[in-house]
Amino acid sequence: MSRENELRDTVILGSGCAGLTAAIYAARSNLKPLVLEGHEPGGQLSITTLVENFPGWPEGVQGPELIENMKKQAVRFGAELRMAHLTKADLCSSPFKLHVGQQVIQTRTLIIASGASARWLGLPSEQALIGFGVSSCATCDGFFASGKEIAVIGGGDSAMEEALFLTRFATKVTLIHRSENFRASRIMLERTIAHPKIEMLKNTVVEECLGVAEKELKGIRLFNKKTGEISTLPVSFMFLAIGHTPNARAFQGELDLDADGYIKTHDNVFVSIRGNRIPGVYACGDVQDRRYRQAITAAGTGCMAALEAERFLEEQGR
Ligand code: NDP
């Protein structure tokens, strides 16, 4: 079939843990799923380091390796992976229409596994220095921080993980958290506190990134919310680890989203518009999960979505 009038049984949006698990299941059901890889192929696992809590890997597994293995597994059973990004979805009638660049792909079932993307502070100076010392990906940019003093922003597990990872390169890591208490798990927090290269600042926010004129991060201006003190920290790199935003923009008006833009799901993976379920469309992984956000839960809902898609197609006599 030419790509101009492509009609699929199953299209999966996103190639992270949820999307690839859905692809493995759908492919094994002979649905020949098409996986649209999106802007961040492999999802968040592809830019993480050691995953220590994925069952079956007693010594842990590198995120990119886990994703690469999932891809191979999906392709082995007949999934097709394509580098493409959805701009608009028309879900009001079946087959659903997916606008991908100039092309429209039609599909009988759609599994949305588009994940979530890293959040930024939103300071103009921060935005101006992205790629010039400001980064949201320690795995990608950590190497460039070799021999430098750096800052990590955040108080969750991601911030701890990134701070620990970055001690491999940086001479000193200052972890800056806006609150008194940390969201990070105890084990990660204890490891971070115990690390000799890491210093932690609580109740502290970044007010400005310095070095915009020079196009190179020279330092960050900090404000201590408790003492009111303003200070400057001379760092060459600032890594953001302050959570994620769901990638569901393309579905605004097409699906029910919650106040933060996550896709609302019912019975795990069923989606709706104005409270009415849309048969044949499912969401899984971080785009619909603000509570657990784990690789294993993303994989679990990916599996559920594929099983529901298969059931739906079977009921349709396909
Ligand atoms: P979290 O939502 O857990 O934490 C985000 C952190 O960023 C919070 O401390 C929050 O502060 C802070 N923050 C949010 N917005 C801002 C802002 N505008 N300015 C300053 N600080 C801000 O996100 P994570 O990415 O850390 O973790 C997400 C999930 O993934 C969690 O469930 C976590 O357990 C899991 N995870 C597990 C890992 C592992 O087990 N190896 C590794 C990484 C993540 P505040 O607390 O004040 O709201």
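We number each residue from 1, following the sequence as shown. The basis for the numbers below is simple: all heavy atoms, side chains too, and nothing from hydrogens, waters or symmetry mates. Counting starts at 1 for both ligands and their atoms, following the listed order. Because the structure is a prediction, the values reported are computed rather than measured.
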Whether F182 lies under 4.0 Å from ligand 1, heavy atom: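 Heavy atoms of F182 never come under 4.0 Å of ligand 1.
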By number and element, which atoms of ligand 1 are closer than 4.0 Å to a non-hydrogen atom of [X]?
| X | answer |
| --- | --- |
| S158 | 24 (P), 25 (O), 26 (O), 27 (O), 43 (C), 44 (C) |
| S179 | 45 (P), 47 (O) |
| Y292 | 32 (O) |

Candidate with minimal heavy-atom separation from [atom], of [options]:
| atom | options | answer |
| --- | --- | --- |
| atom 40 (O) of ligand 1 | D289, I242, D157, N53 | N53 |
| atom 20 (C) of ligand 1 | Q294, R290, H177, R178 | R178 |
| atom 1 (P) of ligand 1 | R183, R119, K202, M160 | R183 |

Contact check: M188 vs ligand 1, nitrogen or oxygen atoms, below 3.5 angstrom: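 The answer is no, given that M188 and ligand 1 share no N or O pair closer than 3.5 Å.
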Do N181 and ligand 1 have an N or O pair less than 3.5 Å apart?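 There is no such contact.
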Given the rule in the side chain to side chain contact (heavy atoms under 4.5 Å, CB included) test, do L210 and L129 qualify, once you have shown the distances and angles that lead to the verdict? CA-CA 9 Å; L210 310 172; L129 288 169; over 6 Å; no
Taking the side chain as everything from C-beta on, heavy atoms only, tell me whether R277 gets closer than 4.5 Å to H266.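 Answer yes - side chains close enough.
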Does the side chain of L166 reach to within under 4.5 Å of the side chain of I198, using non-hydrogen atoms?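 Side chain of L166 against side chain of I198, heavy atoms only: no contact under 4.5 Å found.
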Distance-only check: which donor-acceptor pairs under 3.5 Å involve side-chain atoms of residues 61-76, not counting sequence neighbours?
{"unit_1": "K71", "atom_1": "NZ", "unit_2": "E37", "atom_2": "OE1", "d": "3.3"}

Under 4.0 Å between a side-chain nitrogen and a carboxylate oxygen: does that hold for [X] and [Y]?
| X | Y | result |
| --- | --- | --- |
| E149 | K172 | no |
| K148 | E216 | no |
| E308 | R311 | yes |

Just need the protein heavy atom nearest to atom 4 (O) of ligand 1, so name the residue and atom and give the distance.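 Result: G156 CA, 3.8 Å.
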Atom 23 (O) of ligand 1 [closest protein heavy-atom partner, distance rounded to 0.1 Å]: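 Answer for atom 23 (O) of ligand 1: G243 CA, 3.8 Å.
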Which bit of L121 is near ligand 1, meaning a heavy atom under 4.0 Å away: side chain, backbone, both or neither?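 The part of L121 near ligand 1 is the side chain, not the backbone.
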Tell me the contacting part of E161 for ligand 1: side chain, backbone, both, or neither, using a 4.0 Å heavy-atom threshold, strictly below.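 Under 4.0 Å from ligand 1, E161 contributes side-chain atoms alone.
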Hey, what's the ring geometry for F237 with F239, parallel, tilted or perpendicular (30° and 60° as the breaks)?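 Rings of F237 and F239: parallel, as their planes differ by under 30°.
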In chain order, what residues pass the side chain to side chain donor-acceptor pair (under 3.5 Å) check against T265, with sequence neighbours excluded?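 Partners of T265 by the side chain to side chain donor-acceptor pair (under 3.5 Å) criterion, ordered by chain and then number, come out as Q288.
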